[in-house]
Amino acid sequence: MAYVGDTQIHLQDPRTGQTVGELPVTPVADLPALVERARKAGDAWARLPLESRKDGVRKLAREFLARAQAVADVLVAEIGKPPGEAWTSEIVTAQELFDGWLEMIDDELADIPVSLNPINYPGKDLALRLDPVGVIGMIMPWNYPIHLPLRTIVPAVLAGDAVVWKPSEHAARCGALLDEIFRAAFPADLVITVQGGAAQGGALVDAGVDRVVFTGSVPTGRAVARRAAERLVPCSLELGSKDAAIVLHDADLERTANGLVWGAFHNAGQDCASVERVYVDKRIHDALLAKILEATAGMAKDLGPLIDQRALDKVHGHVTAAVAAGAVVRTGGAPTGIGWHYPATVLTGVTDDMAVMRDETFGPILPIAAFDTEDEAVARADASPYGLTVSVWSRDLKRAQALASRVRVGVQYVNNCCFTGPMAGAAWSGRKESGYGATGSRFGLDALVVPRTVCVDRSRQ
């Protein structure tokens, strides 16, 4: 947790709740000048050939990997991630991100020829060229404070953009470490880090950036979108979700249970793609529940803490309200009393009108409900204001694909969940209140470039 004062961010360790230090806040008044410095650096950077920009990202990859242990250490200390999760979810995936974009960027930025009728348009060549947007203003969350910034910064600088970004105040030390890495890899001011809270985030939107990329909660996303719209600044929003899993009667129970437990409890459930509700065919409900409880017991000791007291109160509030309305706690269900730790919790007897099945929990809670028909399961999964991911678990891959395709989401899985977000070549996008825009793939690159139509006339008449 962090408290933002006028001049300092006061940091706390989520594992213990103790205060552990301070970091200076970037004055709001400095933001316009920082954006102009980034613009100047970006203009020079964009004039470099693509191969030179790729060399910059190769240097970034080397600098990042040279500090990999320091990255893991700050993730453990500041966010409370278990060391294994710090490495697999933020360091290994970063290397894959660097390699993926370096491999695909030449094709993605290549000019696109436009075919012309040579009789009607003799001697004329027409093409679409992708220019950098300019300065990307980026506001990032705390739950994946290393990988999520890199997911946009890497393609942005390859495209020729500069970036001014604000890490979450809850991940200020992670942001400061990334800032050191960027300074070592890139020309001065190409990527500028702003430290602070809501005031700095709002000021960044106002400071003259050319595009805003925001990842965070729905209420804050709405505020960012309104502020950007007033300035005619386009924005991309990756917001919350209430991701559903549908388990059909022919699912492999052991594999499904292991997948759902990982999907619900990795990063202590603090992931917009976490499995937050499960609909299971009533014929296998009890058998799957037994496997889930067994898998949950096996991973409980590896669970990290929630980010702060407010998060802990929200998670426990969802559980206690569900129990008061008739749900049954099968394991977990109460704070541990150590820092902001909450145990992996499995609930049954839940109904769709409960907050734990309706609202984003963002914690290690796995509510399980039975269904009678597949049409019912699809309808219940889709009856949500959110639309980020869905997973369907079945041995019949064709049927599972068809069912998943009926749920209005940006990402669908069969017999897996959650894992494609870091991939450079995969689009990560939402529907409904889960936001708009994309990261990853050519569709994510669209937010970082603008098309220019280029016409060359070789004729002399």
Side-chain angles (χ1 to χ4, degrees), residues 79 89-90 93-94 97 101 133 136-156 161 163-168 170-171 174-175 178 198 201-202 204-205 209 211-229 233-244 263 266-267 269-276 307 359-362 384-390 407-413 417-448:
I79 309 301
S89 69
E90 305 233 39
T93 54
L97 183 81
W101 276 110
V133 167
I136 306 297
M138 198 172 71
I139 303 170
M140 290 286 104
W142 51 263
N143 58 328
Y144 291 97
I146 300 296
H147 188 83
L148 289 180
L150 290 173
R151 191 172 64 169
T152 293
I153 289 172
V154 169
D161 292 309
V163 178
V164 180
W165 77 290
K166 190 192 84 66
S168 167
H170 301 303
C174 290
L178 273 182
L204 180 56
V205 178
V209 297
R211 179 98 189 189
V212 172
V213 176
F214 172 81
T215 301
S217 70
V218 172
T220 305
R222 291 186 194 277
V224 168
R226 284 193 296 268
R227 199 158 187 161
V233 177
C235 63
S236 299
L237 304 175
E238 182 189 330
L239 309 178
S241 195
K242 192 70 180 176
D243 303 281
H266 73 277
N267 207 40
Q270 298 171 121
D271 186 331
C272 59
S274 290
V275 175
E276 289 218 359
I307 192 61
D359 302 331
E360 186 177 41
T361 304
F362 222 61
S384 170
Y386 301 107
L388 183 57
T389 83
V390 70
V407 184
R408 290 170 294 168
V409 294
V411 184
Q412 69 178 54
Y413 298 93
C417 58
C418 309
F419 74 94
T420 61
M423 295 180 175
W428 190 257
S429 63
R431 306 287 186 270
K432 300 181 279 185
E433 290 188 12
S434 290
Y436 51 81
T439 51
S441 81
R442 63 176 304 171
F443 301 101
L445 188 65
D446 283 348
L448 310 173

State, with a plain yes or no, whether a side-chain heavy atom of [X] is found less than 4.5 Å away from one of [Y].
| X | Y | value |
| --- | --- | --- |
| Pro167 | Met140 | no |
| Pro385 | Lys432 | no |
| Met138 | Val164 | no |
| Ser89 | His147 | no |
| Ile139 | Leu204 | yes |
| Arg151 | Met423 | no |

What distance do [X] atom [atom1] and [Y] atom [atom2] have between them, rounded to the nearest 0.5 Å?
| X | Y | atom1 | atom2 | result |
| --- | --- | --- | --- | --- |
| Leu148 | Glu238 | CG | CD | 6.5 Å |
| His170 | Ile307 | NE2 | CD1 | 6.5 Å |
| Glu360 | Cys272 | CD | SG | 7.5 Å |
| Thr389 | Arg431 | OG1 | CZ | 12.0 Å |
| Ser384 | Arg408 | OG | CZ | 9.5 Å |
| Cys235 | Phe214 | SG | CZ | 10.0 Å |

Step-by-step side chain to side chain contact (heavy atoms under 4.5 Å, CB included) determination, Tyr144 to Gln270: CA-CA 9 Å; Tyr144 291 97; Gln270 298 171 121; over 6 Å; no
task: Go through the steps for His266 and Cys418 under the test side chain to side chain contact (heavy atoms under 4.5 Å, CB included), then give the verdict.
output: CA-CA 10 Å; His266 73 277; Cys418 309; 3.8 Å; yes
Could you pull out the closest heavy-atom pair between [X] and [Y], with the gap in Å?
| X | Y | value |
| --- | --- | --- |
| Thr152 | Leu448 | O-CD1, 4.0 Å |
| Gly425 | Ser441 | O-CB, 3.5 Å |
| Tyr436 | Ala225 | OH-CB, 3.8 Å |
| Ile79 | Trp142 | CD1-O, 3.6 Å |
| Pro155 | Leu150 | CD-O, 4.0 Å |
| Pro149 | Ile146 | CD-O, 3.2 Å |

Using distance alone, with no hydrogens and no angle criterion, decide if [X] and [Y] have a side-chain donor and acceptor under 3.5 Å apart.
| X | Y | result |
| --- | --- | --- |
| Asp243 | Tyr386 | no |
| Thr420 | Tyr413 | yes |
| Lys242 | Ser434 | no |

field: CZ/Arg442: more than 12 non-hydrogen atoms of other groups inside 6.0 Å
entry: no
query: Where the side chain of Thr220 meets the backbone of Ser217, is there a donor-acceptor pair that is under 3.5 Å apart?
result: no
- prompt: If only atom types and distance count, is the side chain of Asn267 paired as donor or acceptor with the main-chain N or O of Gly269 below 3.5 Å?
  reply: no
field: Stepwise side chain to side chain contact (heavy atoms under 4.5 Å, CB included) test for Trp165 and Ile136
entry: CA-CA 8 Å; Trp165 77 290; Ile136 306 297; over 6 Å; no
message: Using side chain to side chain contact (heavy atoms under 4.5 Å, CB included), reason through Gln412 and Val407 one step at a time and then give a plain yes or no.
response: CA-CA 8 Å; Gln412 69 178 54; Val407 184; over 6 Å; no
